[in-house]
Amino acid sequence: ISIGRGICKICVAKKTGSSSTVVQLRAKKRPLTQGEITKFSQLALNVSQDKLTENPTAYLSDIIENHGGLDFYFGNQGTGENFISELQKIILGHKEKNFKLITEDKKGQRVYAVTFLYRIPEVRSGDLIAYQNELYNVITLSRKSINIRSLVDRSKLSIYDWNSLNLLRILPEEVRKVVLSKDYNSDTYLFMDVNSFENEEVLSSRFHHELEIGQEIVLLKWENKYYLPL
């Protein structure tokens, strides 16, 4: 048996925090929430741990908060791709892949670092959004679609073009009204504003359940249209 001195390249890479692959996780037009940071960081750690026994370069050397998102530094490209695959199973998003020349080896071969970008939607569960000029509530985000519910009739839709959905730039205001009466011929309610005492007729089809005559209610007003809060 011959024993000699040497340096484990993988150990050095782990110690110095070097990586061959970076996965940048960003949300469209907003920073990640603390809940998202915790959830996705744990997912990255799990992916790395699952592969380390069979491949020592599958380490996760660092997670850095950057520009409102997260940068994950993986020891090899395969682990970074596995992480993105796991992300795609739980939330839809847009994936990009870029290469950056970092050095050349002794044989003159170019060595590249790989950077992935995975961008998730701006909207989240519970957000109010505008779709086809009406208000909707975001129910869930899945791996294929964003599921929303109408504030008018509570009908549900699945939106596959997630880039078409954005947060409201002008939020609805809360207004208090008294339901004075209902005209069944014109299918309208007569409301009185509790502050200005002005009367206004509104189609009853805009509300997802029957309103009690004489009751005071809180409505959401957006672009001169009224909604019952969900």
Side-chain angles (χ1 to χ4, degrees), residues 25-40 42 65 67-70 87 90-94 119-230:
L25 179 62
R26 303 287 188 269
K28 178 184 175 182
K29 296 181 181 178
R30 66 170 177 87
L32 295 176
T33 65
Q34 189 56 53
E36 289 170 333
I37 289 172
T38 301
K39 178 181 179 179
F40 297 133
Q42 187 59 55
E65 294 189 32
H67 297 293
L70 294 172
L87 285 172
I90 58 177
I91 187 169
L92 70 173
H94 175 70
R119 192 177 298 280
I120 62 176
E122 177 181 10
V123 301
R124 297 171 291 149
S125 297
D127 284 340
L128 272 180
I129 62 168
Y131 181 71
Q132 295 183 344
N133 206 33
E134 292 286 3
L135 288 185
Y136 283 77
N137 179 257
V138 178
I139 308 170
T140 57
L141 281 72
S142 70
R143 63 188 182 91
K144 291 184 177 181
S145 65
I146 297 177
N147 305 304
I148 61 177
R149 179 187 286 121
S150 168
L151 265 67
V152 176
D153 59 9
R154 296 183 64 86
S155 61
K156 297 179 182 179
L157 293 174
S158 294
I159 308 300
Y160 297 93
D161 179 17
W162 62 269
N163 266 310
S164 66
L165 300 183
N166 299 290
L167 290 174
L168 291 176
R169 302 308 173 204
I170 300 177
L171 296 176
E173 61 173 318
E174 288 190 353
V175 293
R176 304 188 74 87
K177 303 280 187 179
V178 175
V179 186
L180 295 179
S181 63
K182 182 176 181 179
D183 188 331
Y184 288 92
N185 293 321
S186 60
D187 195 27
T188 58
Y189 286 110
L190 180 64
F191 291 145
M192 181 185 73
D193 190 281
V194 297
N195 294 313
S196 66
F197 304 108
E198 293 181 351
N199 293 346
E200 183 177 8
E201 285 189 341
V202 179
L203 286 172
S204 60
S205 58
R206 292 206 56 80
F207 308 109
H208 51 75
H209 66 74
E210 191 81 7
L211 302 181
E212 181 182 343
I213 306 302
Q215 75 172 144
E216 183 178 312
I217 59 174
V218 176
L219 298 174
L220 299 178
K221 185 177 183 181
W222 180 76
E223 294 193 347
N224 293 319
K225 291 179 286 190
Y226 294 105
Y227 301 85
L228 279 173
L230 287 175

For [X], which residues count as a side chain to side chain contact (heavy atoms under 4.5 Å, CB included) partner, sequence neighbours excluded?
X: Ser181; value: Leu190
X: Val178; value: Leu180, Met192, Val194, Glu216
X: His67; value: Arg26

In the structure I gave you, are the side-chain heavy atoms of [X] and [Y] within less than 4.5 Å of one another anywhere?
X: Leu70; Y: Glu36; value: no
X: Val218; Y: Val175; value: no
X: Glu200; Y: Asp193; value: no
X: Trp162; Y: Ile91; value: no
X: Leu219; Y: Phe207; value: yes

Check: residues 119-128 side-chain donor-acceptor pairs under 3.5 Å, at least two apart:
| unit_1 | atom_1 | unit_2 | atom_2 | d |
| --- | --- | --- | --- | --- |
| Glu122 | OE1 | Arg169 | NH2 | 3.4 |
| Glu122 | OE2 | Arg169 | NH1 | 3.2 |
| Glu122 | OE2 | Arg169 | NH2 | 3.1 |
| Ser125 | OG | Ile139 | O | 3.1 |
| Asp127 | OD2 | Arg124 | N | 2.7 |

Does atom CD of Gln215 have more than 12 heavy-atom neighbours, drawn from other residues, nucleotides or ligands, at distances under 6.0 Å?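 Counting neighbours around CD of Gln215, more than 12 heavy atoms of other residues, nucleotides or ligands fall under 6.0 Å, so yes.
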
Requested in this report: Looking only at non-hydrogen atoms, find the nearest pair between Asn133 and Tyr227 and report the distance.
Outcome: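 In terms of heavy atoms, the two residues are closest at O-OH, 4.3 Å.
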
Using every non-hydrogen atom in the two residues, find where Val179 and Glu212 come nearest and quote the distance to one decimal.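 Distance-wise, the nearest heavy atoms are CB-O, 3.6 Å.
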
request  = Could you walk me through whether Thr140 and Asn147 pass side-chain hydrogen bond (donor to acceptor under 3.5 Å, both in side chains), step by step?
outcome  = CA-CA 5 Å; Thr140 57; Asn147 305 304; 2.8 Å; yes

### All pairs passing salt bridge (charged side-chain N to carboxylate O under 4.0 Å, His left out) where residues 143-166 contributes a residue, at least two apart
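Salt bridge (charged side-chain N to carboxylate O under 4.0 Å, His left out) check on residues 143-166 returns no pairs.
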
Discussion item. Is the ring pair Tyr226/Phe191 parallel, tilted or perpendicular, if the boundaries are 30 and 60 degrees?
Written reply: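 Rings of Tyr226 and Phe191: perpendicular, as their planes differ by over 60°.
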
Which distance, rounded to the nearest 0.5 Å, do you find between the CG of Leu203 and the CG of Asp187?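 The CG atom of Leu203 sits 6.5 Å away from the CG atom of Asp187.
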
Q) Which residues satisfy the salt bridge (Lys or Arg N to Asp or Glu O under 4.0 Å) test with Lys182, sequence neighbours excluded? A)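 Here the qualifying residues are Glu210.
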
